[in-house]
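Here is the structure we will look at, set down as structure tokens.
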Amino acid sequence: WDIPEDALCFLFAGKLESKKRPLDLLNALDQAARSGVRVHGLVVGSGELQNEARALADQRGIPVSFAGFLNQSQIPEAYAAADALVLTSDYRETWGLVVNEGMVNGLPAIVSEQVGCAHDLVRNGETGAVVPFADVPALANTIIAWAADRQLVSQLASQARLHVASYCIERATAALDAAIHGILTNQF
């Protein structure tokens, strides 16, 4: 995908549709690149915003590659090529399974506060960053900070992989049992 070796690569993987806000990432990458840090975006997916995203990238010279749709056997290549995952969706992103997938592949995640998994999977400064919804400058600032501190990104990546790997059926069952018990005994 012509990702420069010295650029920190931020992956967007999903449908290019309004609820997922892929243009936020492109605008943030534009701001970050103009600040002088070496960044690159990798956009995996297709959808209604595909032409607009490509036109924006071309018009502004945003450092990004568009991979198009990748099937399940091809997507691991994108995770391997990237250094971090970005999902800036709105409240309609009830979870964001791509965050689980990215983290298990060692990618720290930057997500909007409205992404469903934001408060379960993404811990600020530990497994990634949660940014305010639709706040492109905040997203750009996070990208800039990460691009300037590769050691931080490496630490976040390690913690992200460990954190998502700790999820298991036993823990999920115990948490569900505790929640049901709390509801039945009014201990919430």
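Counting begins at 1 with the first residue of the sequence.
Note that the NE2 atom of His40 and the CG atom of Asp83 stand 11.0 Å from one another [nearest 0.5 Å]. We find the CZ-CG distance between Arg34 and Leu29 to be 11.5 Å, quoted to the nearest 0.5 Å. Atom CZ in Phe12 sits 13.5 Å away from atom CD1 in Ile110 (nearest 0.5 Å). Separation of atoms CD1 (Ile75) and CG (Leu70) is listed at 5.0 Å; rounding is to 0.5 Å. Atoms CD and OG, on Glu17 and Ser46 in that order, are 10.0 Å from each other to the nearest 0.5 Å. In this structure, Thr173 OG1 and Glu170 CD are separated by 7.0 Å, a value rounded to the nearest 0.5 Å.
Checking side-chain atoms of Gln74 against main-chain N and O of Asn71 turns up a donor-acceptor pair under 3.5 Å. A distance-only check finds a donor-acceptor pair linking the side chain of Ser112 to the backbone of Ser89 [under 3.5 Å]. The backbone N or O of Asp90 lies less than 3.5 Å from no partner atom in the side chain of Gln114, so there is not a single donor-acceptor pair. Remark: side-chain polar atoms of Ser35 are paired, donor with acceptor, to backbone N or O of Ala32 under 3.5 angstrom.
Val44 is not connected to Leu97 by any chain of hydrophobic side-chain contacts under 4.5 Å among Ile, Leu, Val, Met, Phe, Trp and Tyr, and they are in different clusters. Leu162 is not connected to Val99 by any chain of hydrophobic side-chain contacts under 4.5 Å among Ile, Leu, Val, Met, Phe, Trp and Tyr, and they are in different clusters. Cluster annotation: Phe133 is not connected to Phe10 through the hydrophobic network of ILVMFWY side chains, with a link wherever side-chain heavy atoms come within less than 4.5 Å. Side-chain heavy atoms closer than 4.5 Å link hydrophobic residues (I, L, V, M, F, W, Y) into clusters, and following such links, possibly through other members, connects Ile62 to Val37. Residue Leu152 is grouped with residue Leu8 when hydrophobic side chains (ILVMFWY) are merged at heavy-atom distances under 4.5 angstrom, including chains of intermediate members.
Listed by chain and residue number, Arg38 satisfy the salt bridge (charged side-chain N to carboxylate O under 4.0 Å, His left out) test with Asp6 (two or more places apart in sequence, or in another chain). Scanning for side chain to side chain contact (heavy atoms under 4.5 Å, CB included) contacts around Leu23 gives Leu26, Asn27, Glu52, Ala53, Leu56, with sequence neighbours left out. Every residue two or more places apart in sequence or in another chain that forms a salt bridge (charged side-chain N to carboxylate O under 4.0 Å, His left out) with Asp24 is listed here: Arg21. Under the salt bridge (charged side-chain N to carboxylate O under 4.0 Å, His left out) criterion, Glu126 pairs with Arg123, sequence neighbours left out.
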Donor-acceptor contacts under 3.5 Å from residues 134-145 side chains, at least two apart:
| residue | atom | partner | partner atom | Å |
| --- | --- | --- | --- | --- |
| Asp135 | OD1 | Ala138 | N | 3.0 |
| Asn141 | ND2 | Pro137 | O | 3.3 |
| Thr142 | OG1 | Ala138 | O | 3.1 |

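Pairs of residues two or more places apart, or lying in two chains, that qualify as ring pair (Phe, Tyr, Trp, His ring centres under 6.0 Å) and include a residue from residues 138-165 are His163-Tyr167.
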| task | Go through the steps to decide whether Lys19 and Glu93 satisfy the test salt bridge (charged side-chain N to carboxylate O under 4.0 Å, His left out), and finish with yes or no. | result | CA-CA 7 Å; Lys19 83 173 186 178; Glu93 188 76 64; 5.3 Å; no
| CA sep, side-chain torsions, deciding dist, call: Leu11, Leu107, side chain to side chain contact (heavy atoms under 4.5 Å, CB included) | CA-CA 9 Å; Leu11 171 66; Leu107 301 181; 4.2 Å; yes
| request: Determine, step by step, whether Trp95 and Asn100 satisfy the side chain to side chain donor-acceptor pair (under 3.5 Å) criterion, reporting the C-alpha distance in whole Å, the side-chain angles of both residues, the deciding distance to 0.1 Å, and the verdict. | output: CA-CA 9 Å; Trp95 183 257; Asn100 293 71; 2.6 Å; yes
| request: Decide side chain to side chain contact (heavy atoms under 4.5 Å, CB included) for Val64 and Leu42; before the verdict, give the C-alpha distance in whole Å, the side-chain angles of both, and the deciding distance to 0.1 Å. | output: CA-CA 6 Å; Val64 63; Leu42 176 57; over 6 Å; no
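Nearest approach of Val39 to Ala33, heavy atoms of both residues: CG2-N, 4.0 Å. Pairing each heavy atom of Ala81 with each of Cys9, the nearest pair is O-CB, 3.9 Å. Nearest heavy atom pair, residue Val104 against residue Arg161, reads O-NE, 3.6 Å. What you find for Glu48 and Ser18 is that their closest heavy atoms are OE2-N, 3.5 Å. Minimum heavy-atom separation, Met103 to Leu121: CE-O, 3.4 Å. Across all their heavy atoms, Val122 and Ala109 have their closest contact at CG1-O, 3.6 Å.
No side-chain heavy atom of Glu113 sits under 4.5 Å from any side-chain heavy atom of Val131.
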